[in-house]
Amino acid sequence: MGKNTSNQMVNPWHSKNSNGKSLAESVNEIINNSPVLSEATDEITSSKCKAREWKRFTALLEDYTGVKGQGAAVWIPTEVKKRIEFVRANAKTNIPIRALAAAMIVAFIDEHRNELKTL
């Protein structure tokens, strides 16, 4: 770190240059204006979000596996049921289709509750 004329320590990260910008402001400006860097940041954020969503889904799947009782019927298109069955058939463990569908639906509702309010 350099010193200013009054012998106080100057933090180069926050001190202003001749253009009136600090190093921190310049770095943030470069990052925000760089499509490559902003895409990478978006990817990292998206990865964290997906990991959190997956963790929530697997927790719900565990909660709904082994639930007793008759439950309630919800009619879904045949194609949707086939896609859920495909996921179940390719799973490494035996997952009840009821638990799989319930976890998918609840995870989606939880993740998008604000958007669903606008329907």
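Everything numeric in this text was worked out from a predicted model, so none of it was measured. Side chains included, hydrogens not; waters and symmetry mates left out as well; all remaining heavy atoms used.
Closest approach of Y64 to A103, counting heavy atoms only: CD1-N, 4.1 Å. Of all non-hydrogen atoms in R52 and E111, the two that sit nearest each other are NH2-OE2, 3.5 Å.
No more than 12 heavy atoms of other residues, nucleotides or ligands sit less than 6.0 Å from atom CD of E62. The local environment of CZ in R83 is sparse, with at most 12 non-hydrogen atoms from other residues, nucleotides or ligands closer than 6.0 Å.
In the hydrophobic clustering of this structure, F57 does not group with F86; members are Ile, Leu, Val, Met, Phe, Trp, Tyr whose side-chain heavy atoms approach within less than 4.5 Å, directly or through other members. Cluster annotation: V106 is not connected to V87 through the hydrophobic network of ILVMFWY side chains, with a link wherever side-chain heavy atoms come within less than 4.5 Å. In the hydrophobic cluster analysis, where Ile, Leu, Val, Met, Phe, Trp and Tyr join through side-chain heavy atoms closer than 4.5 angstrom, I97 is grouped together with V80.
The hydrophobic cluster containing L116 also includes I105, F108, I109, L119, under a criterion of side-chain heavy atoms closer than 4.5 Å among ILVMFWY residues, counted directly or through chains of members.
The closest side-chain heavy-atom distance from L61 to M104 is not below 4.5 Å. Between L100 and T65, every side-chain heavy-atom pair lies at or beyond the 4.5 Å cut-off.
To the nearest 0.5 Å, atom CD1 of residue I84 and atom CD of residue E79 are 10.5 Å apart. The structure places NZ of K81 at 9.0 Å from CZ of R88, a figure rounded to the nearest 0.5 Å.
Between the R56 side chain and the A107 main chain, no donor and acceptor come within less than 3.5 Å of each other.
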